[in-house]
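Shown next, in structure tokens, is the structure this report addresses.
The figures that follow rest on heavy atoms only: side chains count, while hydrogens, waters and symmetry mates do not. Ligands are counted one by one from 1 in listed order, and the atoms in each one are counted from 1 as well.
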Amino acid sequence: MLQKLEQAQEAFEKKREQVNPQYKPAWHLSVPAGWLNDPNGFCFYRGKLHLFYQYHPYDSVWGSMHWGHWTSDDLIHWQEQPVAMAPDTPADEGGVFSGTALVDGDRLYLVYTGVTKPDERGRSLQQQCIAQSDDGIHVQKWLDNPVIGKECLPEGSCPYDFRDPKIQRMTRGYRLIVASKGSSGGQLICFRSDDMKHWTYTGVYVDHMGSMTECPDAFEISKKNVSIFSIIPNDEDRSPDFKSVVYMVGHEENDRLVSSGKPEPVDWGMDFYAPQTTCAPDGRRLMVGWALSWGHVMPTHTLGHGWAGMMSMIHELDLDRNGKLCHKPLRELKALRRNERRLTGVTISNETILPAFSGDKQELMLDIDMKEAESFTLHLLKTQEEAFIIHYDKARNLLRADRSQCGYPLTMDGSAEQMPFCEAPVPLKDGHLELHVFVDVSIVEIFADEGRKVLTSLAFPKGKDAAVSVSASGNAYIEQMTAWRLA
Ligand code: FRU
């Protein structure tokens, strides 16, 4: 069993030396070498924050899935840990897919999807498995895996699309919420157990979601039940407006989420998928996502840089008065602020470069009075030819992030992207546009509408100037613009 894990660790050490760091973010987590997708097993255990991840050590594309691992003492500085799991048992030799963590007593449990080797028709079973650890580093898979095999599935559920268990401790026993494909398409289904070994199907948590759901999460905020999950759309649902990660708020009745509202986007950007949350010791609900989505290719792969995959920054989640999800940047990030610069009371119309504000590892806070302006534009990562464009259109109340003029496209063959921009409805607040923007070399995260809208997107500028400019049609009044270098 150890052999595959050791091989993966060797590849990890060797490949990282060959990585080209040009587009490596400074304070976001990126895979040391190889490929990363979903966050896994996000939890606090023995005083540390743990973040595991879907990891392919051998190439910068998706492949045989392992679990990589980081830990942090302060939520902002991270230590790399040995590869936690490799696909090395009959239950998971086709891949150790996504899953979640539960701390129960002194022990850490990791519940994940084991994928079997493909059968003669190329189909692999997806079944739920458990591993445990007593030190948070060395992980032992249970010998009786899978604990939920295809025989436990309700009628009509597809055993080849049954993955990404979310484990929860309940008043009595344990519950798993798992993504599945039923006769009506994507759904989340529940199982209960008293001992984590024997599981019984207990019902449909959420139904009718695209062709398949992925990576469910479920938690409580202010006594309301919130569920976040990712959706693979039906062909007819594929539209430019489709957002693949959504949340629902409601209450639970017999392992069903009863919600009066429709699913709402969690992130409005181009690159955010499969988020997980955990509860911090101080009660904050923290979320992290994979900063890419299926169908996009990171130029770090096509350029042969030896790595592809990073995490979003960590968000703090809350619900507003109307039950809408509100995000705040992780407050610990303030400790990274250096070199404060500030601009106040300036009216902008023509494009103005702000030399003091340039930088590719930055936090920017803007408060723009839009009463005399029709639109406002902020250019980031700007060179003579390029810019990542953040544009606000007052008439449509629409915020747009556009990377079409910012270096390499996120396509395999370097052709233009179909939709190199994203938009979110953002109302003004007393005539003001307030933006909180984070740039870290190749990722831009925008918080707007008091945290109700977040847009997470990657960008790979060819030039290195990272200039910043502002412009407006009409007269935009910069009430305040503050920037910090984050280091
Ligand atoms: C989501 C996902 C999961 C699966 C994993 C495989 O991005 O497709 O459903 O467990 O990635 O790497």
Side-chain angles (χ1 to χ4, degrees), residues 8 31 34-42 51-69 83-87 91-101 110-118 123-131 145-146 148 157-167 176-181 185-189 206 209-217 227-233 243-246 266-267 270-277 287-298 301 308-312 456 458:
V31 68
W35 163 271
L36 162 158
N37 55 291
D38 314 350
N40 291 158
F42 189 39
L51 180 59
F52 299 85
Y53 57 91
Q54 286 285 281
Y55 175 46
H56 184 217
Y58 303 110
D59 201 350
S60 49
V61 287
W62 189 87
S64 154
M65 278 294 111
H66 295 59
W67 276 33
H69 186 197
V83 180
M85 290 195 274
D92 62 23
E93 49 193 336
V96 185
F97 274 22
S98 283
T100 52
L110 302 173
V111 185
Y112 66 94
T113 300
V115 179
T116 59
K117 251 192 11 217
R123 297 170 313 183
S124 295
L125 288 174
Q126 302 190 339
Q127 310 181 99
Q128 313 323 315
C129 300
I130 300 190
N145 280 334
I148 308 185
S157 280
C158 172
Y160 312 109
D161 277 304
F162 174 43
R163 56 183 179 267
D164 310 337
K166 162 73 185 178
I167 179 136
L176 277 190
I177 302 180
V178 194
S180 109
K181 184 183 273 188
Q187 47 180 217
L188 306 178
I189 56 178
V206 168
M209 292 292 153
S211 72
M212 175 64 190
T213 51
E214 295 189 309
C215 302
D217 199 342
S227 180
I228 291 179
F229 48 95
S230 304
I231 302 180
I232 302 177
K243 298 282 178 255
S244 51
V245 184
V246 298
V266 171
D267 189 290
M270 287 172 267
D271 301 296
F272 188 84
Y273 201 72
Q276 283 200 0
T277 73
M287 178 180 75
V288 65
W290 170 37
L292 195 71
S293 55
W294 297 112
H296 282 141
V297 181
M298 278 179 71
H301 166 68
M310 66 171 103
M311 295 295 172
S312 74
T456 302
L458 300 183

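Each of the following atoms of ligand 1 lies closer than 4.0 Å to a heavy atom of N37: 5 (C), 6 (C), 7 (O), 11 (O), 12 (O). Those atoms of ligand 1 that come under 4.0 Å of a heavy atom in S98, given as number and element, are 5 (C), 10 (O). Numbered from 1 in the order shown, with element, the atoms of ligand 1 that lie under 4.0 Å from a heavy atom of M65 read 12 (O). Listed by atom number, the atoms of ligand 1 under 4.0 Å from D164 heavy atoms are 3 (C), 4 (C), 9 (O), 10 (O).
The distance criterion of under 3.5 Å between nitrogen or oxygen atoms is not met by W290 with respect to ligand 1. Distances between N or O atoms of Y273 and those of ligand 1 include no value under 3.5 Å.
The single protein non-hydrogen atom nearest to atom 7 (O) of ligand 1 is D38 OD1, 2.7 Å, given as residue, atom name and distance. The single protein non-hydrogen atom nearest to atom 8 (O) of ligand 1 is E214 OE2, 2.8 Å, given as residue, atom name and distance. Ranking the protein heavy atoms by distance from atom 12 (O) of ligand 1 puts Q54 OE1, 2.7 Å first.
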Please determine whether side-chain contact (heavy atoms from CB on, under 4.5 Å) holds for the pair M287 and I228, giving the CA-CA distance in whole Å, both sets of side-chain angles, and the decisive distance to 0.1 Å. CA-CA 10 Å; M287 178 180 75; I228 291 179; 4.0 Å; yes
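Contacts with ligand 1 closer than 4.0 Å are made by no heavy atom of T113, backbone or side chain.
Between the side chains of Q128 and T113, at least one donor-acceptor pair of N or O atoms lies under 3.5 Å. Side chains of D271 and T456: a donor-acceptor N/O pair is absent below 3.5 angstrom, by distance only.
With hydrogens and angles ignored, the 3.5 Å screen pairs a side-chain donor or acceptor of S230 with a backbone N or O of A274. With hydrogens and angles ignored, the 3.5 Å screen pairs no side-chain donor or acceptor of S124 with any backbone N or O of V115.
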